[in-house]
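What follows is a set of notes on a single structure, which appears directly below.
Numbered from 1 within each chain, the chains take letters A, B, ... in sequence-line order. Side chains are part of it too, since the values below use all heavy atoms of this structure and drop only hydrogens, waters and symmetry mates.
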There are 2 protein chains.
Amino acid sequence: YEHQQASLARDSHLPAVTLDGVKMRLMANIELVEEVVSVRDNAAKGVGLFRTEFLYIDLKRFPSEEELFEKYKEVVELLTPKPVTFRTLDINGDKVLPYMKGVEEENPALGLRAVRFCLKRPEIFITQIKAILRAAAFGNTRLLIPMISCVDEIIKVKEIIGKAVEELKKEQKVFNQDIPLGIMIEIPSAVIIAEDLAEHVDFFSIGTNDLIQYSMAIDRRNRQVAHLYHTMNPALIRMVKMVVDAANKKNIEITMCGEMAGDPLNLPILMGLGLRELSMNSMSIPLINQMVRRLNAVDTRAFVEKVIKMGKASDIEAFVKETYGNILSD
Amino acid sequence: YEHQQASLARDSHLPAVTLDGVKMRLMANIELVEEVVSVRDNAAKGVGLFRTEFLYIDLKRFPSEEELFEKYKEVVELLTPKPVTFRTLDINGDKVLPYMKGVEEENPALGLRAVRFCLKRPEIFITQIKAILRAAAFGNTRLLIPMISCVDEIIKVKEIIGKAVEELKKEQKVFNQDIPLGIMIEIPSAVIIAEDLAEHVDFFSIGTNDLIQYSMAIDRRNRQVAHLYHTMNPALIRMVKMVVDAANKKNIEITMCGEMAGDPLNLPILMGLGLRELSMNSMSIPLINQMVRRLNAVDTRAFVEKVIKMGKASDIEAFVKETYGNILSD
Ligand SMILES: [Mg+2]
Ligand SMILES: [Mg+2]
């Protein structure tokens with residue numbers, strides 16, 4: 001095992017390229033500025049998902065634009081020219097701000113969370129957007145909106161971004177508005193109308209954790225239904241295909257940032273579906289990198305064509321292990 | 001208005017046939033045996049959805065097979081030869097049995113509800129199944145399983161039905177096992193793997209209320225996100241199309257029993273998608289019947305081809321009103 005870890009660490013800076021020459025971009029999910037060290041150590045090509053809740057939780061009040069900007073700028077400067085993808089505030093659902101007394105919700109996961117909350121409280125949203133656009137003047141930055149379920153929401157988001165730009169101009173602050181705008185695809189309706197949503201954004205980021213949760217109607221923290229949670233769920237795999245196909249058709253970027261992306265067992269499927277960028281816990285990158293270097297991209301295509309026809313998670317898992325077990329196990 | 005009601009009542013027994021001769025089967029959703037009167041008065045072609053929770057709630061304990069059988073037999077006998085579709089116990093989520101202390105769930109709508117609960121408590125499930133199979137000896141009966149999310153669940157359900165049949169044989173009771181078995185399509189994953197599920201059942205019943213709830217990730221009883229709930233949601237319409245197409249391809253029956261089915265505004269879309277059976281509140285049937293008689297099925301096909309390309313609920317609603325407003329408004 002030690003030997004294995006050493007070789008993983010040694011090889012982690014090798015390019016993530018398949019045997020047949022297909023490049024994968026492996027990115028990191030982070031939550032804290034301090035994690036930038038781990039992003040570098042594990043040779044991530046950037047931050048695919050910066051969860052921005054922490055500062056809101058830590059401060060015990062809503063942070064000011066200035067406070068947010070300082071932190072965001074720090075991360076961007078540390079990592080540039082590698083991109084940092086800021087996901088706007090994704091509170092409620094499972095993360096509640098203790099200082100914000102909201103309405104009690106019977107099913108918070110199906111409630112006023114993430115962008116829904118932000119659109120109801122535009123003053124909070126615009127503060128964060130302004131901080132991100134200002135940080136964007138200091139390096140490679142992307143803006144990512146969680147929990148988009150319909151076209152109207154992304155239109156409203158863009159109006160607020162427009163307002164943020166106006167205010168920043170008026171305030172004569174240094175900022176950069178020419179950054180890619182993306183949305184999380186993590187609600188089933190967004191999968192179904194992906195082509196329509198693609199008209200309004202520059203990239204998609206598939207959030208598999210919530211996507212499984214909603215697609216299967218199972219709270220992923222509820223043990224009583226945990227037996228229904230499976231990343232090799234055939235519905236999930238087909239939905240990922242639908243999203244990738246929509247992104248390709250509409251010629252926008254596509255990435256994935258759920259837990260699914262960090263498990264080497266899923267890699268042949270994700271590559272076969274056409275994903276070329278994955279974002280995960282930094283610690284998972286070396287193993288995924290090694291796995292990439294052992295795969296043939298063209299084989300994964302043929303492999304996925306069979307997977308996509310399978311209707312049971314257990315069959316898919318068995319087929320993955322049968323086909324790629326030898327690569328995975330050592 | 002009175003004149004209108006009188007003409008509706010007078011015409012409610014006319015066959016629900018479009019101008020171009022396409023027949024629609026309009027069925028009733030009921031909860032109580034007493035509602036059979038209203039089923040008849042409104043000329044429903046049967047019961048498309050018998051919600052069986054009531055007896056469990058009313059008795060303040062789990063009913064016995066005998067108690068269930070007596071009630072079920074009564075409904076079946078009253079309505080035969082019209083079919084009665086028994087949906088098995090759909091508790092938890094929003095309906096909790098006060099005498100059953102369960103685990104507290106943070107998101108009950110995403111928890112151990114309906115068939116999930118029944119599969120964890122097979123002794124409760126099998127009691128109900130036996131009562132339904134016995135009632136089926138007295139008239140036209142269908143069996144409908146709610147909240148199916150994957151193939152494994154329906155396989156397990158069929159094992160329990162097999163067990164019920166064995167027990168009934170051993171007990172030498174009169175019963176009928178040759179009844180159509182269907183599943184509710186109300187979870188997004190079930191839409192995506194509809195073709196796979198179709199291999200195991202005789203019919204689908206689309207439950208639009210829950211399907212919108214999960215597809216949009218909105219609790220339909222939460223006012224804070226009510227602005228996102230819309231039956232003309234483009235994702236919902238496309239998902240209905242996917243399910244209808246899968247059912248047709250696999251040659252199984254397809255029906256719809258959500259609130260969407262009882263709103264005349266939705267009828268051109270539902271007919272255009274190919275639905276020929278709808279189940280709704282009995283009271284809605286005369287109006288839907290009238291609406292059917294004013295439509296051309298072939299026109300709704302062409303109409304839906306345009307609807308399916310629209311990405312916004314508001315655009316779809318405007319288009320429906322523009323196209324069918326004159327038929328609807330009088
Ligand atoms: Mg999420
Ligand atoms: Mg339901």
Problem set entry | Qualifying residue for side chain to side chain contact (heavy atoms under 4.5 Å, CB included) with B:Leu112, from A:Val225, A:Asn222, A:Asp219 | A:Val225
Quick one: are [X] and [Y] in side-chain contact, heavy atoms under 4.5 Å?
{"X": "A:Ile218", "Y": "B:Leu110", "value": "no"}
{"X": "A:Arg238", "Y": "B:Ile193", "value": "yes"}
{"X": "A:Asp152", "Y": "B:Lys312", "value": "yes"}
{"X": "A:Arg116", "Y": "B:Leu228", "value": "yes"}
{"X": "A:His227", "Y": "B:Lys120", "value": "yes"}

Is [X] close to chain B through its backbone or its side chain, or both, or neither, when contacts mean heavy atoms under 4.5 Å?
{"X": "A:Arg113", "result": "neither"}
{"X": "A:Leu119", "result": "neither"}
{"X": "A:Gln213", "result": "both"}

Between atom [atom1] of [X] and atom [atom2] of [Y], what is the distance when rounded to the nearest 0.5 Å?
{"X": "B:Glu105", "Y": "A:Arg221", "atom1": "CD", "atom2": "CZ", "value": "13.0 Å"}
{"X": "B:Tyr214", "Y": "A:Met216", "atom1": "OH", "atom2": "CE", "value": "12.0 Å"}
{"X": "B:Met239", "Y": "A:Ser189", "atom1": "CE", "atom2": "OG", "value": "7.0 Å"}

Problem set entry | Derivation of the side chain to side chain contact (heavy atoms under 4.5 Å, CB included) call for B:Met242 and A:Ile192 | CA-CA 10 Å; B:Met242 291 166 78; A:Ile192 305 291; 4.1 Å; yes
For atom [atom1] of [X], is the number of surrounding heavy atoms from other residues, nucleotides or ligands below 6.0 Å larger than 12?
{"X": "B:Glu259", "atom1": "CD", "value": "no"}
{"X": "A:Arg223", "atom1": "CZ", "value": "no"}
{"X": "A:Lys306", "atom1": "NZ", "value": "no"}
{"X": "B:Lys163", "atom1": "NZ", "value": "no"}
{"X": "A:Glu253", "atom1": "CD", "value": "no"}
{"X": "A:Glu123", "atom1": "CD", "value": "yes"}

Exercise. Who wins among B:Ser314, B:Cys150, B:Pro188, B:Pro234 for the most heavy-atom pairs under 4.5 Å with chain A?
Worked result: B:Pro188
For this session: Sort out for me which of A:Gly311, A:Ser215, A:Ala235 touches chain B most, counting heavy-atom pairs under 4.5 Å.
Result: A:Ser215
For this session: Using a strict 4.0 Å threshold on nitrogen-to-oxygen distance, state whether B:Lys309 and A:Asp196 make a salt bridge.
Result: no
Exercise. By a 4.5 Å heavy-atom criterion (distance strictly below it), what part of B:Glu153 contacts chain A: side chain, backbone, both, or neither?
Worked result: side chain
Exercise. Which answer fits B:Ile308, side chain, backbone, both or neither, if we ask what part of it has an atom under 4.5 Å from a heavy atom of chain A?
Worked result: neither
Problem set entry | Any donor-acceptor pair under 3.5 Å from B:Asn107 side chain to A:Ala109 backbone | yes
